[in-house]
Novice: 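Got a structure for you, questions after.
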Amino acid sequence: METINISLPDALRTYVEKRVIQDGYDTTSEYFRELVQQDQRRQADERLEASLLKSLDGEPAKPFAKSDIEEVRQAVSTRLSEKRKV
């Protein structure tokens with residue numbers, strides 16, 4: 001696993017530290033990994049929504065690529081895991 005170092009102003013660092021404690025993360029790295037994963041899911045949702053809206057406008061939709069199908073499977077799996085935690 002590769003390491004990334006980031007610099008944060010004191011106010012953001014304090015915010016992150018509080019969130020780590022409040023949300024029960026073991027490390028700051030876990031918190032940032034979760035943020036990146038949420039961003040990935042958001043991006044996938046936006047692409048899917050754009051594709052669906054395009055098809056509603058009467059434009060032919062592009063066929064799903066194998067990678068698109070895997071992305072949808074991963075998103076569904078992640079959401080089911082999150083719901084099971086609650």
Novice: About how many Å separate CD of Glu46 and CG of Asp39, when rounded to the nearest 0.5 Å?
Specialist: 8.5 Å

Novice: Is Glu30 reaching over with its side chain to a backbone N or O of Asp26, donor-acceptor style, under 3.5 angstrom?
Specialist: yes

Novice: Between Tyr15 and Ile21, is there shared hydrophobic-cluster membership here, with clusters defined by ILVMFWY side-chain heavy atoms closer than 4.5 Å?
Specialist: no

Novice: Check Thr27 against Arg33 and note the closest heavy-atom contact, atom names and distance.
Specialist: OG1-NH2, 4.4 Å

Novice: Where do Val20 and Thr28 come nearest, in terms of heavy atoms and distance?
Specialist: CG2-CA, 3.9 Å

Novice: Applying a strict under-4.5 Å side-chain criterion to I, L, V, M, F, W and Y, I'd like to know whether Leu12 and Ile4 cluster together.
Specialist: yes

Novice: Do Glu49 and Asp45 have side-chain heavy atoms sitting under 4.5 Å apart?
Specialist: no

Novice: Work out which heavy atom in Glu34 is nearest to a heavy atom in Tyr25; give both atom names and the distance.
Specialist: CG-OH, 3.3 Å

Novice: Say you draw a straight line from CD of Gln22 to OH of Tyr31; how long is it, rounded to the nearest 0.5 Å?
Specialist: 9.5 Å

Novice: Compare every heavy atom of Thr78 with every heavy atom of Arg41, then report the nearest pair and how far apart it is.
Specialist: NH1-CG2, 3.2 Å

Novice: Determine yes or no for a side-chain-to-main-chain donor-acceptor pair under 3.5 angstrom, with Ser81 supplying the side chain and Ser77 the backbone.
Specialist: yes

Novice: Can you tell me how far apart CZ (Arg47) and CZ (Arg42) are? Round to the nearest 0.5 Å.
Specialist: 10.0 Å

